[in-house]
Each structure stands twice: as structure tokens, then as C-alpha cells.
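Presented below is the structure to which this report refers.
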Amino acid sequence: MPGPSAPVLTNEKIPNNVDLSSDRRLQRALEKWQPEYINWWNDMGPEGFQDKDVYLRTAISVDVDGWAHFDYVKMPEYRWGIFLTPQENDKKIGFGDNIGKPVWNEVPGEYRNSLRRLIVTQGDTEPASVEQQRLLGLTCPSLYDMRNLFQVNVEEGRHLWAMVYLLHSYFGSDGREEADELLERRSGNADHPRILNTFNEPIDDWMSFFMFTMFTDRDGKYQLASLAESAFDPLARTCKFMLTEEAHHMFVGQTGVNRIVRRAAELTKEFDTDDIAQYGGVPLQLIQKYINFWFSSSVDLFGNERSSNAAAYFANGLKGRAFESRNYDDHDCKDAIYKMDTLAGDKIVEEEVAGRNAMNEQVRDAYIADNQNGVNMWNRELEKAGIDFRFELPNRRFNRTVGQWSEARFNPEGSLITEAEWDKKKYDWVPSPDDKAFVKTLMQQVIEPGKVAGWIAPPNKGINNQPPEFEYVKL
Ligand code: BYC
Ligand code: FE
Ligand code: FE
């Protein structure tokens, strides 16, 4: 519940901390886009629950302690706002050729196309994920989970607003056109798909949803953190605030999978078998297959191992590495060397690559390490239960569709295999049609407050200090 000193939502049509009302042209342009956005939300947003009251968090400022306001709201009436972290005095560019020079508050002409492209690619993922998840409310394992789904969805909607604000403010009529197109592409549509591969994959069961929020939203964390380093300061400031919301999305994934693992461990012990499908649990092997699929797809999202695009973004200050100042010493990288595995015929050999050309791979390294921490937590759940099975992240070469490893087949350990071996084994590694059909049988909607479906353990605690049995959605 909001404390007595919590700030109240403003009456402006578009809540913001960017003094929107002082720029009438921009305000009018965004107010014209707003009904288009609402149309898109009504068509492509959560199916079946648009008129229900949902207990949601709304960003109302960027104050560390007071940014989040919790209350019941009908999703189409959610106050999607524009919030940038405060401008810092004398802020300097932190990496690349322009290091030490003041950050930019306008878009330099020579970087206009590159920046627009980065912003559009980022923006495109946000509505894509809402489209991918639109039917999940119909099969939610609890009201608590349904609420978390909708929370993630409205915040991805706000992230779209964040990018559209930049396109409208800084990119003139091309920016407005791009903003319109962000509402026109559709996840999974053969003729008009979303830009990046993972955002065209179906998310039609909750196993996939939790894996996506674990692995794919974490790509969001690393990409946003990379853009938060940008010399184009409005982009940096908007991404910095988006990261605040992102933490909850990954929490949903991390704890969601953890609860599936806990339930699986309970059933394994209760019936003294790991064949727990017959008792309505998700076998650990099957959880591993979902990990393999969503991790490998998300690993694709970092782009080519060697990228001259990424080298130019870095040199020019458009996009750094995630947590550039905190986690790296050399912020120039002109003379840096990065040692990278490369496929040479049927051998994997180490090669030296110019550091700036290896930016995508460096961010991917950090991303993989972060995921490993999450997997370790799931394994502790198994350890506590006295079960020997352990989850593993597949090797980064496994099941790739982008970059050098997409040119051959690899097993989860990362060894080169033949196409024939892949065909024979692939459904030992990623979910088969039968696996998906089984998972579908588990996806039965549970909506009684405090009750949870049989394939997943209840949450440890509720949201915003409310109890788990709170009426998170009024049906
Ligand atoms: N699928 O030189 P390369 C999030 C294309 S998630 C399809 O390596 P670059 C969220 C690439 O576009 C965060 N195509 O590219 C999470 C390029 O195309 P062209 C999203 C791909 O630029 C959950 C070509 O391959 N944000 O926020 O170095 C829920 C050559 O590639 C893919 C961003 O991605 C792919 N996976 O790196 C909601 C940040 N990967 O030029 C939200 C902005 C590459 O040949 N984007 N290609 O037509 C970027 O920084 C870069 O575009 C990338 C790619 C890192 C994605
Ligand atoms: Fe997002
Ligand atoms: Fe997210």
C-alpha cells in the first residue's frame, strides 16, 4: 500500500518527468500515438482480462524509495509514463574514441542512423514480448502468477513508451514512422515479424514464460545496461530507469523455475521415482530441456561474435559494455586483444580478435556468468532435497541460429556433431512436440486466491508485503 508520503499520479495524459508540457509539438505527437498504442494493447495485450482490476505497480517518479505505486488498475487504464533518471552535472563519455568529452543531449548527425537502429531494435522487443505472452492468463497456475504476468506485460509496454519518446523527440518524421511501425510488426508473423529471433518464438505455456523471464529478460538487463553507458544521454538515462523495473521480471523467472524445481523434488521424494509426470510434476530432465532451448535462443541475442557494427558503436560511444565503468579497466580497447574460440574446419581453435570487434562476445560472457548464478540457486534446491540431479547451462555453441556457431551443430557440452547426430538426439536436448503436449496438459487455470496448480510450489511470499493469498486480480 502507498505510504502517506507517496507521491500521487499527475493528471497529465502522459505521466512524465521530462517536462513534456513545455514542448507542445512533441506532446501533441505523443498524444496522437497514444490511442494507436491503446488499440494495439487492446488487440494484442493480455487476452480475457482487460476489464479486470489487477494489483499493479506503476512507476510514478524515479525516486529510489518512492518510484513505485501499488494499486488496483484495469490494464488499459494503466498510466504508462516517461521517466528518465536525473541529468548529472558535467557528465562525460566513459568509453571509446570520445572518452572524457561531454555526453550529448542531441543526436549527432553522423550517428543518427545507428542510434535510431539501436533504439528501434530495443523498442521492438518490448511489444513483441507482450504479444508472445498474451494467452497465458488463461492457464495461470495462481492469481499471484497471473498478476506477475500482467505486471511484466504493462512494464514492457512502458519500455516501448520509453523508446517511442526518444524516437519522437530526437528523430523527426523518421522517428515517428518508426514509432508507428513498432505497433505494426507482430511476433511470429511470417510476413511482418519482430526484428530479433527470440521474440518470434511462441510462449504458450508457463514453463516457457518463466524461462523467458529468466533468460530473455536478462538479455534485456545486459542490453539496457550497455545502452545505459551511451554518450547519447537521454538514451542512457531512460535505460537506467528501465533497469529498475527489469529486476522484477528476472525475479519472476528465477523464482518461477525455482518453484517448479521444488515441486518436482517433493514429488520425486514422495513417490520415490524421477518419473513424476504421472503425478502431475515436471520431470527434472524436461526442465533441463526448457533451459537448453531458452538459454540458447537468448544467447543468440548478443549478435555475432565478431561485429564491426559493435566495434563502431563502441568507438563512437553509442553503446558500451554492460556495467562498463564498474566491471572493466580498459575503456578504450583500441589495442586490446580478446581470445576467442573459432571453428576452423572440424576443430575449435583459439584466435586473437581485436577487442573492439569482440564487444558482443564480452557482453555475452558476463550474461552467461550471471545466468550461472541463477542455475546454482536451482541446484541448491535439489541439494537441499537430497536429489543428485544437477541443472547445467548448455555450452554457448549449442543450438545457435546467429553467429559463427550457427554454421555447425554442437551438443550441449559444446562438441561438434554431425547433422545426422543432431537429428537423432535433438529431442533429448530441447522439448519435443510430445514434451510440449505433456506440458500443455499441466496448464490448467487456477484462480482461487491462495491456491496453486499441482506442478509448481507456492511462492515464498506475496507482492508488496501482501500475503500470498491476497486477491491479486479481481475476477
Ligand atoms: N535475431 O553485427 P551483428 C529486451 C542481426 S531484450 C535476428 O552481430 P550487432 C527484452 C543484426 O541485426 C534486449 N537478427 O549485429 C527482453 C544484423 O542485421 P543486419 C533487446 C539478429 O548489431 C524480454 C546482423 O544480424 N535490445 O529488452 O552487433 C522482454 C549482423 O549482426 C540477431 C537490444 O538488442 C538475432 N538474435 O548486434 C522484453 C539492444 N542478432 O545489419 C524486452 C539493441 C543479430 O545484417 N540491439 N542479428 O541487417 C543491438 O545492440 C544489436 O542490434 C544486437 C546485434 C546486439 C541485437
Ligand atoms: Fe523491457
Ligand atoms: Fe523485461
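Below, each value reflects all heavy atoms present in this structure, side chains not excepted, and no hydrogens, waters or symmetry copies. Positions are given from 1 along the sequence. In listed order, ligands and their atoms are each counted from 1.
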Taken by chain and residue number, the protein N/O/S atoms under 2.8 Å from the Fe ion (ligand 2) read Glu126 OE1, Glu156 OE1, His159 ND1
Contacts table for ligand 1: protein N or O within a distance under 3.5 Å of ligand N or O, distances only.
{"residue": "ligand 1", "atom": "1 (N)", "partner": "Asn197", "partner atom": "N", "Å": "3.1"}
{"residue": "ligand 1", "atom": "2 (O)", "partner": "Ser307", "partner atom": "OG", "Å": "3.0"}
{"residue": "ligand 1", "atom": "2 (O)", "partner": "Asn309", "partner atom": "ND2", "Å": "3.2"}
{"residue": "ligand 1", "atom": "8 (O)", "partner": "Asn304", "partner atom": "N", "Å": "2.5"}
{"residue": "ligand 1", "atom": "8 (O)", "partner": "Asn304", "partner atom": "ND2", "Å": "3.3"}
{"residue": "ligand 1", "atom": "8 (O)", "partner": "Asn360", "partner atom": "ND2", "Å": "3.4"}
{"residue": "ligand 1", "atom": "26 (N)", "partner": "Gln122", "partner atom": "OE1", "Å": "2.7"}
{"residue": "ligand 1", "atom": "27 (O)", "partner": "Gln122", "partner atom": "NE2", "Å": "2.8"}
{"residue": "ligand 1", "atom": "27 (O)", "partner": "Thr125", "partner atom": "OG1", "Å": "3.4"}
{"residue": "ligand 1", "atom": "28 (O)", "partner": "Ser307", "partner atom": "OG", "Å": "2.7"}
{"residue": "ligand 1", "atom": "28 (O)", "partner": "Asn360", "partner atom": "ND2", "Å": "3.0"}
{"residue": "ligand 1", "atom": "31 (O)", "partner": "Asn304", "partner atom": "ND2", "Å": "3.1"}
{"residue": "ligand 1", "atom": "36 (N)", "partner": "Asn197", "partner atom": "OD1", "Å": "3.1"}
{"residue": "ligand 1", "atom": "36 (N)", "partner": "Asp300", "partner atom": "O", "Å": "3.4"}
{"residue": "ligand 1", "atom": "41 (O)", "partner": "Arg117", "partner atom": "NH1", "Å": "3.4"}
{"residue": "ligand 1", "atom": "41 (O)", "partner": "Arg117", "partner atom": "NH2", "Å": "2.8"}
{"residue": "ligand 1", "atom": "50 (O)", "partner": "Lys319", "partner atom": "NZ", "Å": "2.6"}

Residues at least two apart in sequence or cross-chain that pass side chain to side chain donor-acceptor pair (under 3.5 Å) with Thr238, listed by chain then number, are none
Taken to the nearest 0.5 Å, the spacing of Gln122 CD from Leu235 CG works out to 8.5 Å
Working for side-chain hydrogen bond (donor to acceptor under 3.5 Å, both in side chains), residues Asp145 and Tyr472: CA-CA 9 Å; Asp145 290 295; Tyr472 288 104; over 6 Å; no
Rounding to 0.5 Å, atoms CD1 (Ile417) and CZ (Arg397) come to a distance of 12.0 Å
Here the gap from Trp206 atom CH2 to Thr213 atom OG1, rounded to the nearest 0.5 Å, amounts to 9.0 Å
**Q.** Verdict with supporting geometry, Trp422 and Phe410, ring-ring contact (aromatic ring centres under 6.0 Å, His included)
**A.** CA-CA 8 Å; Trp422 170 262; Phe410 298 89; 9.7 Å; no
For Pro458, the side chain to side chain contact (heavy atoms under 4.5 Å, CB included) test, sequence neighbours excluded, returns Val452
ask   = Could you walk me through whether Trp33 and Trp161 pass the ring-ring contact (aromatic ring centres under 6.0 Å, His included) check?
value = CA-CA 10 Å; Trp33 187 81; Trp161 270 96; 4.8 Å; yes
task: Kindly say whether the aromatic ring centers of Trp429 and Phe293 come within a distance under 6.0 Å.
output: no
